There are 2 protein chains.
Amino acid sequence: MYNKQDRILRAAEKIIANGGIQGLSMQHVANEAGVAAGTIYRYFKDKNELILTLRRDVLAQVAEAILEDHDQGNLEQRFKRIWMKMYHYGKQRTPANLSYEQYAHLPESNTDEIRQIELQLFAPLLHLFEEGLKQGSIQPLHPRALYALSMEPAMTLARAIRRGLIEYQTEEIDLACELCWQSIQVKTEQHAKGAVRT
Amino acid sequence: MYNKQDRILRAAEKIIANGGIQGLSMQHVANEAGVAAGTIYRYFKDKNELILTLRRDVLAQVAEAILEDHDQGNLEQRFKRIWMKMYHYGKQRTPANLSYEQYAHLPESNTDEIRQIELQLFAPLLHLFEEGLKQGSIQPLHPRALYALSMEPAMTLARAIRRGLIEYQTEEIDLACELCWQSIQVKTEQHAKGAVRT
DNA sequence: ACACTATGAATGAACGTTCATTCATTCGTG
DNA sequence: CACGAATGAATGAACGTTCATTCATAGTGT
């Protein structure tokens, strides 16, 4: 088969997606990957390293999926494209997405290293907010706060739909996206003019 | 030396807060609670029931904290009070809050029973949105979508601050709360559609 | 008042199982 | 044949759970 390390990662990803990190055992990973238990240790120092590597891997997958074509168009178009990609990615029941969710809300696990990687991978999103801030068209909040207000809802909405808590309706999603974009806009006297300094 | 079942629950809560659900072992719970391992089984059928009971307990704690005085004032005041309480609760590093976060994003764990309890406990929040919908002052979205857009950001923001990713600033929080409230409002004046004038 | 018995909460050693990890051995290939 | 890759049985620690036992207290009979 292909790259064995990758097969092990994909196996772990799948197991975490189904049963959470607590359900991850090395024997399960070995079975799922079609590999002997000992083989895993040729590619990963121990279980912890496997989990950490997978975390980085999944983070990169998410970033790549969400930031595709992130630099096409004006600020609004770029924002809405990322928002929609985030929504559509989060709606999927793929191992990558489901395991991503497991990692995102762990207690200890937000090491500086992971934080660094996140910053690097999602830099375009940061830049988008910074650009809007510089031209005064976006509310004067920390980029992370802007993310919380306008981007996180895409993920929350996607999760609710994936779990069957609400039904999928295109118009609702479009409206939600529009409202998220509006929510962080600075309302100026004259529409579409930038630079509101106080 | 109060209620022993409660001492066991508080011990489990603390352990989950520190090490996640994966870090919960019955022996740790016993030590933390100052109780013999076997004693836990006088109060809980097995580990699963302990975890489930704690989940219900934590959910009730959160609901109580967030919905205090939820019926005082007009729609906006009620919304903002809940938003602020949510934010302040989520900012805490208490076992209850930290373990709540662990439960919220599990893969399988959203059983119908838990879903039912959530619905019941957070009914006032649902009613608030429904009231706004009925009088046409709130955007025509499913209450869960409204929650995702306007309430979840409070939790996300609180988490970012708790983790030290952004600094706490009262004005920023007030602005964020205001923007969340505005984001789901139907603009009643002549500029109800996309373009914004004054 | 007293002696004796019954109760059941609490214990913690012990059990079987599962886990992560190791390593002597086998396999595949150049 | 040589050598790294792969194996999977073996290992011991840790796990959830059980249960024979302890012991303070409540109940009962005299």
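Nothing here was measured: the structure is a model prediction, and the numbers come from that model. Below, chains carry the letters A, B, ... as their sequence lines are ordered, and counting in each starts from 1.
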Partners of [X] by side-chain hydrogen bond (donor to acceptor under 3.5 Å, both in side chains), sequence neighbours excluded?
X        : answer
Arg42(A) : none
Arg81(A) : none
Asn97(B) : none
Gln77(A) : none

Base, sugar-phosphate, or nothing for [X], non-hydrogen atoms under 4.0 angstrom?
X        : value
Phe44(B) : nothing
Leu50(B) : nothing
Ile40(A) : nothing

- Query: So which pairs with a foot in residues 20-54 of chain B pass ring-ring contact (aromatic ring centres under 6.0 Å, His included), sequence neighbours left out?
  - Reply: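 ring-ring contact (aromatic ring centres under 6.0 Å, His included) check on residues 20-54 of chain B returns no pairs.
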Round to the nearest Å and state the distance from [X] atom [atom1] to [N] atom [atom2].
X        : N       : atom1 : atom2 : answer
Leu24(A) : dC19(C) : CG    : P     : 10 Å
Gln22(A) : dT18(C) : CD    : P     : 17 Å
Glu49(B) : dG16(D) : CD    : C1'   : 15 Å
Ile21(B) : dC15(D) : CD1   : P     : 16 Å
Gln5(B)  : dA9(C)  : CD    : C1'   : 14 Å
Ile51(A) : dC19(C) : CD1   : P     : 13 Å

- Decide yes or no on side-chain contact (heavy atoms from CB on, under 4.5 Å) for Phe129(B) and Leu126(B), but give the supporting numbers first. CA-CA 5 Å; Phe129(B) 286 131; Leu126(B) 178 72; 5.8 Å; no
- Message: Side chains of Glu130(B) and Gln135(B) only: does a donor on one sit below 3.5 Å from an acceptor on the other?
- Response: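 No - no donor-acceptor pair under 3.5 Å links their side chains.
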- When you check the phosphate oxygens OP1 and OP2 of dA10(C), does a side-chain N or O of Arg42(B) lie under 4.0 Å from one of them?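 For dA10(C), neither OP1 nor OP2 has a side-chain N or O of Arg42(B) closer than 4.0 Å.
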- Look at the side chain of Ala36(A) and decide which nucleotide, out of dG12(C), dT7(D), dG16(D), has an atom nearest to it.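 Taking heavy atoms from C-beta onward, the closest nucleotide is dT7(D).
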- Using a 4.0 Å cut-off on protein heavy atoms (strictly under), produce a 5'-to-3' string for nucleotides 21-30 of chain C with B for base contact, S for backbone-only sugar-phosphate contact, and - for none. BB--------
